[in-house]
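Chain letters run A, B, ... following the sequence lines, proteins first, then strands; residues in each count from 1. The model shown is predicted, which means the values in this text are computed figures rather than measured ones.
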2 protein chains.
Amino acid sequence: MRDGHIPETTVARLPTYLQVLVEATDRGVATLSSEELAAAAGMNSAKVRKDLSYLGTYGTRGVGYEVAALAREIAQALGIAEDQPVVLIGVGNLGRALATYDGFERRGFRLVALFDADPTVVGQQVGSHAVQPTADLEVVLHRHGVAMAMLAIPAPHAQAMTDRLVDAGVRSILSFAPVHVTVPEHVTVRRVDLATELQILSFYERVAAQFTA
Amino acid sequence: MRDGHIPETTVARLPTYLQVLVEATDRGVATLSSEELAAAAGMNSAKVRKDLSYLGTYGTRGVGYEVAALAREIAQALGIAEDQPVVLIGVGNLGRALATYDGFERRGFRLVALFDADPTVVGQQVGSHAVQPTADLEVVLHRHGVAMAMLAIPAPHAQAMTDRLVDAGVRSILSFAPVHVTVPEHVTVRRVDLATELQILSFYERVAAQFTA
DNA sequence: CTTTGTGAAATCCTTCACAGCG
DNA sequence: CGCTGTGAAGGATTTCACAAAG
């Protein structure tokens with residue numbers, strides 16, 4: 001393929017492939033077929049091959065994909081060939097869990113600072129960082145060249161803080177606030193809303209229950 | 001419409017509409033047009049109207065949608081007209097945040113029990129529940145008629161615990177373990193993987209950076 | 001002989017655009 | 001006259017199925 005454009009759905013699956021490849025590396029597996037990759041990722045092989053073809057041609061016919069090379073290639077496409085600096089805004093219950101989660105560090109990111117607006121939280125040690133006041137936000141973002149932020153603050157403050165992050169040069173935001181925020185064209189926001197996920201599940205639960213009843 | 005089938009993408013958006021409607025209720029707004037609903041939810045009005053049409057016809061031409069009636073209808077479709085009992089397995093960092101998150105309670109769910117395999121955690125009070133040993137899982141699930149579970153345990157234990165949940169009658173699982181688990185046809189698993197979300201963002205960050213550079 | 005890479009077909013989702021209702 | 005509800009058009013994604021490569 002190799003024409004620069006990768007479908008959104010494919011991008012969303014690349015992290016899953018990467019994870020399977022990293023596990024395969026740990027197990028000492030050198031090569032995986034699209035069929036094996038698909039089984040481990042929970043999808044079908046045609047989709048795997050089509051997805052990987054957008055990155056270029058890294059497979060060998062009759063053999064499969066070289067695990068190490070493909071992992072490197074996906075990490076490259078995802079922009080995590082070297083670690084990306086990230087900050088976390090909001091050190092409440094969820095923020096604390098995020099700050100101490102080692103998955104970010106193991107999967108391409110480096111948490112460089114924690115911020116909170118609450119003066120009673122500022123100064124506390126959470127994981128390997130002391131919480132800083134939001135007043136210092138711009139200085140720290142600039143010093144570390146941070147382009148990504150995680151937002152774990154109450155919904156009413158989300159838009160104002162987002163505006164501030166965008167002004168400070170942040171281009172990607174992972175928001176846990178259950179509210180839509182508006183951003184300029186060049187900024188991407190992904191929202192993770194835990195209650196929303198449960199509600200979606202609940203819908204299908206209901207459908208399944210009908211067959212059971 | 002009214003033919004029982006609702007597209008997945010529509011189901012995934014219903015919780016957002018519901019949230020906008022609940023906020024509108026709080027502000028004392030009685031009626032919303034598809035245009036207003038779309039603006040608050042961050043999408044376009046045609047999509048809103050098409051989505052809502054799958055539920056039936058609840059709008060009034062020339063006026064818009066009656067907020068209270070539509071909210072009730074969406075809650076009904078999502079199966080949260082009355083609260084759904086849910087359990088949480090795994091009371092580590094993330095589990096603690098989930099156990100103390102009040103969004104679940106406010107948005108249609110009732111957390112009925114916490115479980116952990118670690119004997120040093122069992123018995124601890126987390127939020128309004130004492131952590132129970134996983135040995136008691138089946139009894140508790142059965143007693144409360146639980147069909148939904150949240151899974152916040154290490155990846156290597158995810159499949160075994162999932163099998164146990166399914167055997168105990170759970171039909172919907174929200175998993176935070178970064179691994180694919182296999183389940184029977186009638187069971188739904190949604191996976192929320194925080195590092196995956198950041199990696200997807202990172203991809204678009206890279207694209208945006210190219211324009212900036 | 002096995003498995004990739006990919007056009008083409010099939011399916012699914014979004015957007016358009018407007019008839020028709022209130 | 002304003003706004004919903006929806007066929008039809010347009011896009012996007014998935015799946016099929018097979019030619020070509022190792």
key: Neighbour count >12 (heavy atoms, 6.0 Å) for atom NE2, B:His142   =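 It does not: B:His142 NE2 has 12 such atoms or fewer within range.
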
message = For A:Tyr58 versus A:Leu55, what's the shortest heavy-atom pair and its separation?
response =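 Looking at all heavy atoms of both residues, the closest pair is CE1-O, 3.3 Å.
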
task = Record whether the side chain of A:Arg61 comes under 3.5 Å of the base of C:dT4 through a donor-acceptor pair of N or O atoms.
result =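 Pair found.
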
message = Measure CD/A:Glu35 against P/D:dC16 and give the value in whole Å, please.
response =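 Going from A:Glu35 (CD) to D:dC16 (P), I get 12 Å.
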
request  = Considering just the side-chain nitrogens and oxygens of A:Thr57, establish if one lies under 4.0 Å of OP1 or OP2 belonging to C:dG5.
outcome  =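 Yes.
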
query = Is the shortest side-chain N/O distance from B:Ser33 to OP1 or OP2 of D:dC3 below 4.0 Å?
reply =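 Result: no.
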
key: A:Arg49, nearest nucleotide to its side chain (from C:dT6, C:dC18, D:dC3)   =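 Closest nucleotide among those given: C:dT6.
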
Residue B:Thr60, side-chain atoms from C-beta onward, closest of C:dC18, C:dG22, D:dC3 =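 Closest nucleotide to the B:Thr60 side chain: C:dG22.
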
key: Residues which pass salt bridge (Lys or Arg N to Asp or Glu O under 4.0 Å) with A:Asp51, listed by chain and number, not counting sequence neighbours   =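 For A:Asp51, the residues satisfying salt bridge (Lys or Arg N to Asp or Glu O under 4.0 Å) (neighbours in sequence not counted) are A:Arg13.
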
Sequence-distant partners of B:Phe203, ring pair (Phe, Tyr, Trp, His ring centres under 6.0 Å), two or more places apart =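 Applying ring pair (Phe, Tyr, Trp, His ring centres under 6.0 Å) to B:Phe203 gives none.
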
query = Side chains of A:Arg107 and B:Thr196: do they bring a donor and an acceptor to under 3.5 Å?
reply =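 The criterion, which ignores hydrogens and geometry beyond distance, is satisfied for B:Thr196 and A:Arg107.
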
Atom pairs, protein N/O to nucleotides 13-15 of chain C N/O, distance under 3.5 Å:
residue : atom : partner : partner atom : Å
C:dT14  : OP1  : B:Arg13 : NH1          : 3.0
C:dT14  : OP2  : B:Thr9  : OG1          : 3.3
C:dT14  : OP2  : B:Arg13 : NH2          : 2.8
C:dT15  : OP2  : B:Asn44 : ND2          : 2.8

inquiry  = Looking at A:Leu111, is its backbone amide N or carbonyl O close enough to the side chain of A:His129 to form a donor-acceptor pair, meaning the two atoms are under 3.5 Å apart?
reply    =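 Yes, the answer is positive, given that a donor and an acceptor are paired below the 3.5 Å cut-off.
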
